[in-house]
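Proteins get letters first, then strands, A, B, ... in listed order; numbering begins at 1 in each. Keep in mind that the numbers below use all heavy atoms, side chains included, and drop hydrogens, waters and symmetry copies.
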Amino acid sequence: MISSKQVVKVGIAQLDIVKSPDTIRTSGLGSCVGVVLYDETKRIAGLVHVMLPDSSLGKTSTLNVAKFADTGIEALINKLKSEGVQPFRLKAKIAGGAQMFQFTTDKDTMRIGPRNVEAVKLELKKYGIPLVAEDTGGNSGRTIEFNPDTSKLNIRTVNQGVCDI
Amino acid sequence: MKITSLHLDILKEIGNIGAAHAATSLSNLLGRKIDMRVPNVNMVSFTEMMELAGGSETVVVGIYLRIEGDVEGSMFFILPIGQANRFIKRLIHDETFDFSNNPVSELGLSATQELGNILSGSYLSALSDFTRLKLYPTVPGLAVDMFGAIISSGLVEISQVSDHVIVINTSIFEDDYGDSEEVQGHFFLLPDPESFETIFKALGVV
């Protein structure tokens, strides 16, 4: 049987899920955080590309749940549940939350990277999902790809090359 | 507020005036002929924004500053690595300069920062003269990294109120090298949503 592996691409402020042998990927993470939730035995994973820490920051009438750490992680858990995943089996790996530019401004939005990371960790704790590995902070952009077969998160940066966590 | 085609024309004119001044400054600095494209003004989703200038993973030289004052927003000057190398080599008279070197020469980085400062300064002062609005740019930050990672820094403010962004996109290029995507420098002006009304009012359009 011929099986061709697909790469599911997730854009900024979007989420999706993937089943083995396919992989899931998001590119150009700066201050955003890529959150991967996965079930090792079922080999299913989900990825959300979070832009902002908290949906209370949103001032729009229609809410894009994938944009925020709190609503994005909740929506991803629900999507995985609908695929038959037991939430207690879920584990997490995260990457991103960099500070791309150093500014001397008092605006809180300039610290958005670290705030996104904090918010994501808080949500994971709330749902009792163990954070297995992370590559966060710093000042480099990241492209990440998760393979549900191996549970490895591949991370590519411009200056530090490629690594798996 | 609803953005009409008249509004879009005004925003195009802003891109035109700003980039024309910046192109003149660049031309003076380098002693080369610099051309510009007709500005693009589009309302795009964040995902579409990330795909401009060659795509979210393309490594570029990015200069970013925030605008404060009567109008608030983000401004980027994005250069492909090859074109940035040519500009900086000429500016510092150092043929060995390369953004791919590790580490990149301090003098080159400092010249790049200054280049960003001068070009965004001429863009914004032209805009300020045209609208008679006060615009205070922050000191620009510099990053050599993936386009998506760089540009998303400018979407934070906007993302709190919208899932779309109005981007005023003007590209400039060196005459001798043509105007393919590989050599175009881009100015992206991203006014915060509440600033559009201020801009239109200042120009007598509501």
Side-chain angles (χ1 to χ4, degrees), chain A residues 9-14 25-34 49-68 96-113 115-116 138-145 156-161, chain B residues 44-68 72 74 76 81 99-104 113 116 136-165 192-194:
Chain A
K9 288 187 180 151
V10 179
I12 186 168
Q14 291 178 352
R25 165 190 176 93
T26 195
S27 59
L29 286 166
S31 60
C32 300
V33 178
H49 186 138
V50 168
M51 268 186 108
L52 293 169
D54 192 326
S55 57
S56 66
L57 286 172
K59 295 159 194 155
T60 43
S61 45
T62 53
L63 183 71
N64 170 13
V65 290
K67 193 157 65 179
F68 307 98
Q99 194 167 352
M100 299 302 296
F101 296 93
Q102 320 294 328
F103 270 117
T104 46
T105 165
D106 47 359
K107 279 234 169 171
D108 219 18
T109 46
M110 284 302 153
R111 260 194 80 259
I112 202 75
R115 285 174 59 207
N116 279 335
N139 49 21
S140 292
R142 296 171 173 91
T143 286
I144 62 171
E145 185 168 335
R156 196 175 76 80
T157 57
V158 172
N159 292 314
Q160 287 113 52
Chain B
V44 295
S45 70
F46 296 144
T47 306
E48 288 165 332
M49 180 78 214
M50 305 272 273
E51 292 313 314
L52 297 173
S56 111
E57 270 191 88
T58 307
V59 180
V60 297
V61 175
I63 287 154
Y64 169 47
L65 57 92
R66 285 285 302 165
I67 303 160
E68 285 154 15
E72 305 207 331
S74 297
F76 291 90
I81 296 283
F99 279 101
S100 313
N101 289 347
N102 197 7
V104 185
Q113 195 123 16
Y136 306 116
T138 61
V139 174
L142 169 67
V144 183
D145 214 308
M146 300 174 193
F147 175 71
I150 287 177
I151 208 79
S152 55
S153 305
L155 300 177
V156 172
E157 290 286 334
I158 297 162
S159 66
Q160 297 176 21
V161 290
S162 173
D163 288 309
H164 288 83
V165 51
D192 290 351
E194 61 273 20

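Minimum heavy-atom separation, A/Thr157 to B/Met146: CA-CE, 4.2 Å. Shortest non-hydrogen contact noted between A/Gly11 and B/Thr47 is CA-OG1, 4.3 Å. Heavy-atom minimum distance, B/Ser152 versus A/Ser31: OG-N, 4.4 Å. Considering every non-hydrogen atom in both A/Arg156 and B/Glu57, the closest pair reads NH2-OE1, 2.8 Å.
Atom CD1 of A/Ile12 sits about 12.5 Å away from atom CD of B/Glu48, to the nearest 0.5 Å. To the nearest 0.5 Å, atom CD1 of residue A/Ile112 and atom OG of residue B/Ser159 are 7.5 Å apart. Interatomic distance, B/Ser56 OG to A/Lys9 NZ, rounded to the nearest 0.5 Å: 9.5 Å.
Among the candidates A/Ser140, A/Gly96, A/Cys32, the residue making the largest number of heavy-atom pairs closer than 4.5 Å to chain B is A/Ser140. With respect to chain B, the highest number of heavy-atom pairs below 4.5 Å among A/Ala13, A/Ser27, A/Ser55 belongs to A/Ser27. If you tally non-hydrogen atom pairs under 4.5 Å between each of B/Asp145, B/Leu142, B/Val59 and chain A, the highest count goes to B/Asp145.
Both the backbone and the side chain of B/Leu155 come within less than 4.5 Å of a heavy atom in chain A. Proximity to chain B is limited to the backbone of A/Leu29, based on heavy atoms less than 4.5 angstrom apart.
When side chains are defined from C-beta on, A/Met100 does not count as touching B/Tyr64, because their heavy atoms never get closer than 4.5 Å. Proximity of A/Phe101 to B/Ile150: side-chain heavy atoms (C-beta onward) are separated by under 4.5 Å at one or more points.
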